[in-house]
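Contents: one structure, followed by commentary.
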Amino acid sequence: MNQHTPVLIVGAGPVGLALAGDLGWRGVACTLIEQGDGRIEQPKMDLIGVRTMEFCRRWGIADWVRDAPYPGDYPQDCVFLTSLNGYELGREVFPGRAFETCPPQSPQKRERVPQDMFDPILKRFATGFGCVDLQYETALVGFEERGDRVEATLRDAHTGATRTLTADYLIGTDGGASTVRAAADISMSGTPALTYTTNVLFRCADFPSLHRMGKAYRFIFIGPEGTWLTIVAIDGGDRFRMSIVGTPDKVNHSEADIRAALSRAMGKEFDYEIVSVMRWVRRELVADRYRHGRVFIAGDAAHLMSPTGALGMNTGIQDSVDLGWKLEAVLRGWGGAHLLASYESERRPVALRNVAASTENLDRMLSTRERRPPPQVFEQGAQADAVRAEYGKWFTETMRHEWFMNGFHLGYRYDDSPIVWPDGTPPPPLETSTYTQTARPGARAPHVTLPDGRSTLDLYGRGFTLLRLGADAPSGEGVMRTAAAAGVPMRLVSLDHPDVLRAYAAALVLVRPDGHVAFRDAADPAEPGALIDVVRGAKPLAGEERVRLEAAS
Ligand SMILES: Cc1cc2nc3c(=O)[nH]c(=O)nc-3n(C[C@H](O)[C@H](O)[C@H](O)COP(=O)(O)OP(=O)(O)OC[C@H]3O[C@@H](n4cnc5c(N)ncnc54)[C@H](O)[C@@H]3O)c2cc1C
């Protein structure tokens, strides 16, 4: 067994698997350890966001996700109701995932694929690279930083034996109770407990035929006390996940409580099998730092948010993609001394925004506890129907924020990053439900369909891409020459396509390996050396320098 690895990743949840896969795809050797055996007792995430799907496309695994066994024709409706055999208050209609179309800003669409289908896909991707070493039933016990390396102590789950593995860098993707975060003495700030929720995975083959609401992805139950329960169709088959949201005065739910909740939800007794019960605390927390020397944290180890909005794993996979190319750059020697520091400056603000938005969605879901349903909502008759319709209309509109979040999934930006060269344009407003593409430095490079059917996104990935746009584009020669001299991998792509020029709004655009814009201008930069040193993290832009450049642009 190796005694040294360039990158040790601790925790093979979706974020650790994505990071190992991204590094493997870049040809960077890494070791991924996981204390468990890879089995998932209860899938947590089930919504892969559109940006994560763009990464899957880049990695060549978007088809694997599309072909996952969640049935494509299973309707994705969200239904608001008193009980499954009671009254429907409102409904947001969504087609099965096979029928959802891509948003105009992306060549991909979000996918409903639960963790016990997605993790195996990421595992297959990561372990397809010979340079990725995945070791299950191996736990990190602790580590010491020793100047030019990290010395990690690992324990074999079977024998209990410990051994030492050294690494150039150690990444904690070990979830909310992160050992790495604790050992690195990194604190978290925010709200440690939003709800005490009980998730119950149950099996019921004839569930849809037992009630009159039809097949739907999510049911949100509203009683006289407000929202109290949700049920989601976790695999579009016979498995469902019930979440008793919990109240401050009742944080523990016994098996009797669980069975009573299921009967109340159905409006009658029915047969089912309880597969697993997971009690968890919903939190709104972000780590105060993402780094301690050669140790970094990503995913739930760095940020914990309410699942309302499906931002948790998706934010974590963005972390992995931000970190992957930077680790490659420093290990190959072209990354500057400050490149890895930009991981925290770019990703932490995104986490702060996302945890807050997720809590806002939770507040909307629970707003029925403040604005309680009038008693008629639970009664029969025409007058009650009218009251129900009005209340349901209000709640349906209230909940809509959660279903449409491309301003978060696609619209996150690194406006103030020290490794992004500003172009002097004002930052567009951050959107929430909607998303307007922009190629302002720091933003995700826009998607435009090229005449040959590819997306502009297909041009980006392993190295930098310098785009020359339009017939009169500057040569880009100085940038290419300087990049080559610094060992920075860069490809020159010339496109004379009006749609691309319009979307990117500049004739020369530099796109980073993670698909974010690093620089754009109408002309070749006067000092290409200064630009290359900024984007590779050798001489990052300090606050004053950034302001001066913005003013000069
Ligand atoms: C009910 C629910 C629904 C959700 N739905 C969504 C959704 O639809 N979309 C979305 O984006 N997010 C969703 N989330 C959030 C999402 O599940 C998490 O953000 C995601 O799982 C985080 O991934 P991770 O890899 O960072 O951590 P985890 O999934 O927690 O994985 C961490 C891994 O590290 C391992 N580990 C821990 N300590 C050690 C150690 N010392 N040594 C070795 N291994 C260790 C653990 O065994 C674990 O396998 C949901 C969460 C919940 C609770």
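In each ligand, atom 1 is the first atom listed, and ligand 1 is the first ligand listed.
Not a single ring-ring contact (aromatic ring centres under 6.0 Å, His included) links Y460 to another residue, sequence neighbours left out. A search for ring-ring contact (aromatic ring centres under 6.0 Å, His included) contacts involving Y272 returns F270, not counting sequence neighbours.
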_Test salt bridge (Lys or Arg N to Asp or Glu O under 4.0 Å) applied to E151 and R149, step by step_ = CA-CA 7 Å; E151 211 171 271; R149 66 191 193 287; 3.5 Å; yes
*Check the pair V321 / R58 against side-chain contact (heavy atoms from CB on, under 4.5 Å), numbers first and verdict last.*
CA-CA 11 Å; V321 169; R58 172 190 305 173; 3.9 Å; yes
*Mind running salt bridge (Lys or Arg N to Asp or Glu O under 4.0 Å) on R181 and D174 for me, showing each step along the way?*
CA-CA 9 Å; R181 189 183 66 229; D174 49 348; over 6 Å; no
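Scanning the protein heavy atoms around atom 39 (C) of ligand 1, the nearest turns out to be Q35 OE1, 3.4 Å. The protein non-hydrogen atom at the shortest distance from atom 29 (O) of ligand 1 is P14 CD, 3.6 Å. The nearest protein atom to atom 48 (C) of ligand 1, hydrogens excluded, is given as E34 OE1, 3.5 Å; this is a heavy-atom distance. Regarding atom 27 (O) of ligand 1, its nearest protein heavy-atom neighbour is G175 CA, 3.7 Å. The single protein non-hydrogen atom nearest to atom 16 (C) of ligand 1 is M313 N, 3.8 Å, given as residue, atom name and distance. From the protein, the heavy atom lying nearest to atom 37 (C) of ligand 1 is D174 O, 3.3 Å. Considering only non-hydrogen protein atoms, atom 13 (C) of ligand 1 sits nearest to M45 CB, 3.4 Å. At the top of the distance list for atom 25 (O) of ligand 1, counting protein heavy atoms only, stands V15 N, 3.0 Å.
Residue-level proximity to ligand 1 for D46 is carried by backbone and side chain together, each with a heavy atom below 4.0 angstrom. Residue contacts with ligand 1 for P307 involve side-chain atoms from C-beta outward but no N, CA, C or O (heavy atoms, distance under 4.0 Å). Contacts between V10 and ligand 1 below 4.0 angstrom, taking non-hydrogen atoms only, involve the side chain exclusively.
Per-residue contacts place T173 under 4.0 angstrom from the following atoms of ligand 1 (heavy atoms of the residue considered): 32 (C), 33 (C), 34 (O). The G299 neighbourhood of ligand 1 comprises atoms 26 (O), with distances under 4.0 Å to a heavy atom of that residue. In summary, the atoms of ligand 1 found under 4.0 Å from a heavy atom of A139, numbered by their order in the structure, are 42 (N), 43 (C). Within ligand 1, the atoms closer than 4.0 Å to a non-hydrogen atom of T179 are 41 (N), numbered from 1 in the order shown. Short contacts between ligand 1 and G11, defined as distances under 4.0 Å to a heavy atom of the residue, involve ligand atoms 33 (C), 34 (O), 35 (C), 44 (N). Taking a cut-off of under 4.0 Å to the non-hydrogen atoms of G312, the atoms of ligand 1 that pass are 10 (C), 11 (O), 12 (N), 19 (O).
L201 has its side chain within reach of P43: a pair of non-hydrogen atoms, C-beta onward, lies under 4.5 Å apart.
With Y217 as the aromatic partner, R112 meets the cation-pi criteria of under 6.0 angstrom to the ring centre and within 45 degrees of the ring axis. In this structure, R51 fails the cation-pi test against F408, since its NZ or CZ atom is not both closer than 6.0 Å to the six-membered ring centre and inside 45 degrees of the ring normal.
Using a non-hydrogen distance threshold of 4.0 Å, M305 does not register as a contact of ligand 1. Ligand 1 has at least one atom lying under 4.0 Å from a heavy atom of T138.
Looking at ligand 1, you'll find an N or O of L47 within less than 3.5 Å of one of its N or O atoms. Backbone and side-chain nitrogen or oxygen atoms of R241 are examined, and none is located within less than 3.5 angstrom of a nitrogen or oxygen of ligand 1.
Side-chain atoms of Y70 and R97 form no donor-acceptor pair, as typed in the model, at a separation below 3.5 Å. Side chains of D257 and S254: a donor on one and an acceptor on the other come within 3.5 Å. In this model, no donor atom of one side chain and acceptor atom of the other lie less than 3.5 Å apart for R218 and Q76. Between the side chains of E431 and T436, at least one donor N or O lies within less than 3.5 Å of an accepting N or O.
Using cut-offs of 30° and 60° for the angle between ring planes, the H516 and Y412 rings count as tilted.
Just one residue in the list D67, I61, I48 forms a side chain to side chain contact (heavy atoms under 4.5 Å, CB included) with I121, and that residue is I61.
Comparing D119, T315, N199 against atom 1 (C) of ligand 1, the shortest heavy-atom distance belongs to N199. Nearest-residue assignment for atom 53 (C) of ligand 1 (options E137, K44, Q115; heavy-atom criterion): K44.
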